[in-house]
Amino acid sequence: MSSLAKYQAPGALSRQLYERASLVMPGGNTRHSVALAPYPVYARSGSGCHITDVEGEQRIDFLNNYTSLILGHAHPQVTKAVQSRAAMGTAFTMPVPEEVELAELLVARVAYIEQIRFCNSGSEAVMLAIKAARAFTGRPKIAKFEGAYHGLYDYAEVSEGPTPDEWGEADSPASITEPGTPHSVASDVVVMPWNRPEACLQLIEQNKDDLAAVLVDPMPLGIGMIAPRPGFLQFLREETARHGILLVADEVLNFRLHYHGAFHAHGITPDLATFGKIIGGGFPVGAVAGSRRVMSVFDHTGALKVHHGGTFNANPVTIAAGLETMRLMTPEAFDRLNGLGEYVRDRLRRLFRDTGRPAQVCGAGSMFLAHLTSNELIDFRSLSGFSRTNPIYGNLCHKLLEYGFILSPRGIFGCLSTPMNEAEPDALVEALGRALAALG
Ligand SMILES: Cc1ncc(COP(=O)(O)O)c(C=O)c1O
């Protein structure tokens, strides 16, 4: 029997839960990225690289809460650290010693940061970094890349997924705000095309006196994980430095790439950085970090410029889980997992070659994203028709759920966790071959 049979049955628990949820939550949902048509599969528990749903079906998890669970589910040491921390109290109007330890650990690992502050999500971290950049430079605008996702802050959301009728000029993309955001926000966000230095140069020049920051994720998921062309990030570093603009590295998702962080391989020094996901060990987290000079805008003992409160900042449970996770993620653990990432990307490439399917496999480290196209992939617009909006990916996601695998419904996107070895990628690639054949 298919592992979706129980989910699809008229009395399925997931269906019942979704019907109840729809009465008390708009769309029956509280996080759009977990929405699935016609209703989500509700999870009961997770262990290692597996999730068991409410019907009792077990599947291999290649999403890991959108990359945040690098050690998989319920790692025994992380669970123990959380339990013992929780038993000692979970929140105080006082800092706890472990906060200092996690701050020291991250500052020691990421060469370009000297100071750090914790918050509760990647979105908050990006918001704080943008505010810090504005306070430090005294300038109002930021620049970001068309299609890049950086969370929910009004300015960071601009043009995170514009439709072709909204695009505007190729060399000067339109700034498209999300519903609920004042249009005035658009005038403070310069949208740049990824991997097109000539256009970026012009846009930076035109706005140089007003730009506080350029926000950049070196392997942006919203732009299909299309890698930066050689020299592109270095170009951004040089141009921003020339005009006193801060380069803000969004490491929320891509800190997963390397023990020393996503920018390590590129040999450049951003001014500010944002973190989230894996540094919370499975709990809500964010962090903003950077050079001592720039981070001084948060220093309440100096000429305070940027207010940073937050009832649950650096909450002890998150910090305990994050600390244990980071300690377990040694350089060797990263190397092994990234080697497995190389293995799965290679296997996917072979699958597409052997079955004569036009496809390209992007991603790096322990992540993969396959695009079913042979078009040249360079920027957000080059993904048009093959991006997260293409219904093929939703259909593939359902087929793979049926075969016992959890992947994104918005692309052949997934990531690995340390409990995996070659058996899981092997099984996934075999199932993907079957799913593609079944869908034609
Ligand atoms: C690059 C990037 N920045 C920021 C965020 C926002 O993080 P959070 O979902 O924790 O608010 C995300 C979330 O996926 C992200 O991928």
Side-chain angles (χ1 to χ4, degrees), residues 48-50 60-72 75 109-110 195 217-230 232-233 251-267 277-278 325-326 328-355 357-374 376-378 383 386 393 396 400 405-408 411-433 435-436:
C49 61
H50 295 100
I60 303 177
D61 184 14
F62 279 94
L63 263 189
N64 292 297
N65 195 29
Y66 268 97
T67 74
S68 60
L69 297 168
I70 199 159
L71 300 173
H75 188 286
R109 277 193 193 188
V110 183
N195 272 332
D217 173 346
M219 188 67 77
L221 181 57
I223 314 182
M225 292 207 148
I226 300 172
R229 294 275 156 104
F232 185 61
L233 297 177
E251 300 235 12
V252 169
L253 188 140
N254 277 312
F255 189 53
R256 187 184 239 277
L257 281 176
H258 195 276
Y259 178 81
H260 293 298
F263 274 77
H264 179 72
H266 300 287
K277 299 202 190 256
I278 70 166
T325 300
M326 288 296 100
L328 288 163
M329 286 310 299
T330 57
E332 295 72 34
F334 271 99
D335 285 351
R336 193 191 80 82
L337 200 60
N338 290 352
L340 203 54
E342 202 53 55
Y343 177 77
V344 66
R345 287 189 294 277
D346 188 55
R347 285 231 41 193
L348 287 168
R349 286 191 188 104
R350 275 196 281 143
L351 168 76
F352 295 127
R353 199 178 53 228
D354 295 349
T355 52
R357 253 169 227 286
Q360 290 169 74
V361 180
C362 296
S366 52
M367 294 173 283
F368 55 88
L369 206 176
H371 300 281
L372 298 174
T373 175
S374 51
E376 187 193 19
L377 298 179
I378 174 162
L383 290 167
F386 305 99
Y393 299 119
L396 270 174
L400 287 166
F405 299 87
I406 298 167
L407 254 81
S408 169
I412 306 174
F413 169 69
C415 65
L416 308 175
S417 60
T418 55
M420 293 181 176
N421 53 48
E422 289 177 2
E424 285 79 19
D426 284 347
L428 172 70
V429 173
E430 187 275 328
L432 181 62
L436 286 165

Are the side chain of Arg353 and the backbone of Pro358 linked by a donor-acceptor contact shorter than 3.5 Å?
no
Answer whether the closest heavy-atom distance between the side chains of Met326 and Phe255 falls below 4.5 Å.
yes
Locate the shortest heavy-atom distance separating Tyr66 from Ser408; write the atom from each residue and the value.
OH-OG, 3.0 Å
Cys415 and Leu63, any side-chain heavy atoms less than 4.5 Å apart:
no
Reported SG-to-CG distance for the pair Cys49 and Asn421, which is rounded to 0.5 angstrom:
8.0 Å
Working note: Asp217 + Asn254, criterion side chain to side chain contact (heavy atoms under 4.5 Å, CB included); need CA distance, chi angles, decisive distance, verdict.
CA-CA 8 Å; Asp217 173 346; Asn254 277 312; 2.7 Å; yes
Describe, in one word, how the ring planes of Phe334 and Tyr259 are oriented to each other, choosing from parallel (under 30°), tilted (30 to 60°) and perpendicular (over 60°).
perpendicular
To the nearest 0.5 Å, tell me how far Leu416 CG sits from Met420 CE.
5.5 Å
Apply salt bridge (charged side-chain N to carboxylate O under 4.0 Å, His left out) to Arg357 and list each qualifying residue two or more places apart in sequence or on a separate chain.
none
With a 4.5 Å limit on heavy-atom distance, are the side chains of Val110 and His260 in contact?
no
Working note: Ile223 + Asn195, criterion side chain to side chain contact (heavy atoms under 4.5 Å, CB included); need CA distance, chi angles, decisive distance, verdict.
CA-CA 11 Å; Ile223 314 182; Asn195 272 332; over 6 Å; no
Residue pairs fulfilling salt bridge (charged side-chain N to carboxylate O under 4.0 Å, His left out) with at least one residue in residues 412-431, sequence neighbours excluded:
Arg347-Asp426, Glu430-Arg434
Of all heavy-atom pairs linking Leu328 and Ala333, the shortest is O-CB, 3.7 Å
Regarding Asn64 and Thr67, is there a side-chain donor-to-acceptor distance under 3.5 Å anywhere?
no
Salt bridge or not for Glu342 and Arg336, using N-O below 4.0 Å?
no
I'd like to check Leu396 versus Leu407 (side-chain heavy atoms, cut-off strictly below 4.5 Å). Are they in contact?
no
Could you go through the side chain to side chain contact (heavy atoms under 4.5 Å, CB included) check for Met219 and Leu253 one step at a time?
CA-CA 9 Å; Met219 188 67 77; Leu253 188 140; over 6 Å; no
So, using salt bridge (charged side-chain N to carboxylate O under 4.0 Å, His left out) as the criterion, who are the partners of Glu332 when residues are at least two apart?
none
Do Cys362 and Leu377 come within less than 4.5 Å of each other through their side chains, counting heavy atoms only?
yes
Residue pair Arg345 / Gly365: nearest heavy atoms and the distance that separates them
NH1-O, 2.8 Å
Side chain proximity check, Thr373 to Gln360, heavy atoms < 4.5 angstrom
yes
With Arg349 via salt bridge (charged side-chain N to carboxylate O under 4.0 Å, His left out) - residues at least two apart
none
Check: Ile70 and Leu337 side chains under 4.5 Å, non-hydrogen atoms:
yes
So, using side-chain contact (heavy atoms from CB on, under 4.5 Å) as the criterion, who are the partners of Asp346 when residues are at least two apart?
Arg350
In terms of relative ring orientation, are Phe62 and Phe368 parallel, tilted or perpendicular, with 30° and 60° separating the classes?
perpendicular
Tell me the closest heavy-atom pair linking Ser417 and Gly72, and the distance in Å.
CB-N, 3.5 Å
Mind checking side-chain contact (heavy atoms from CB on, under 4.5 Å) for Asn338 and listing every partner two or more places apart, or none if nothing turns up?
Ser366
What verdict does the side chain to side chain contact (heavy atoms under 4.5 Å, CB included) test give for His258 and Phe263, after you've listed the backbone C-alpha separation in whole Å, the side-chain angles of each residue and the deciding distance to 0.1 Å?
CA-CA 9 Å; His258 195 276; Phe263 274 77; over 6 Å; no
Are any non-hydrogen side-chain atoms of Ile226 and Leu383 less than 4.5 angstrom apart?
yes
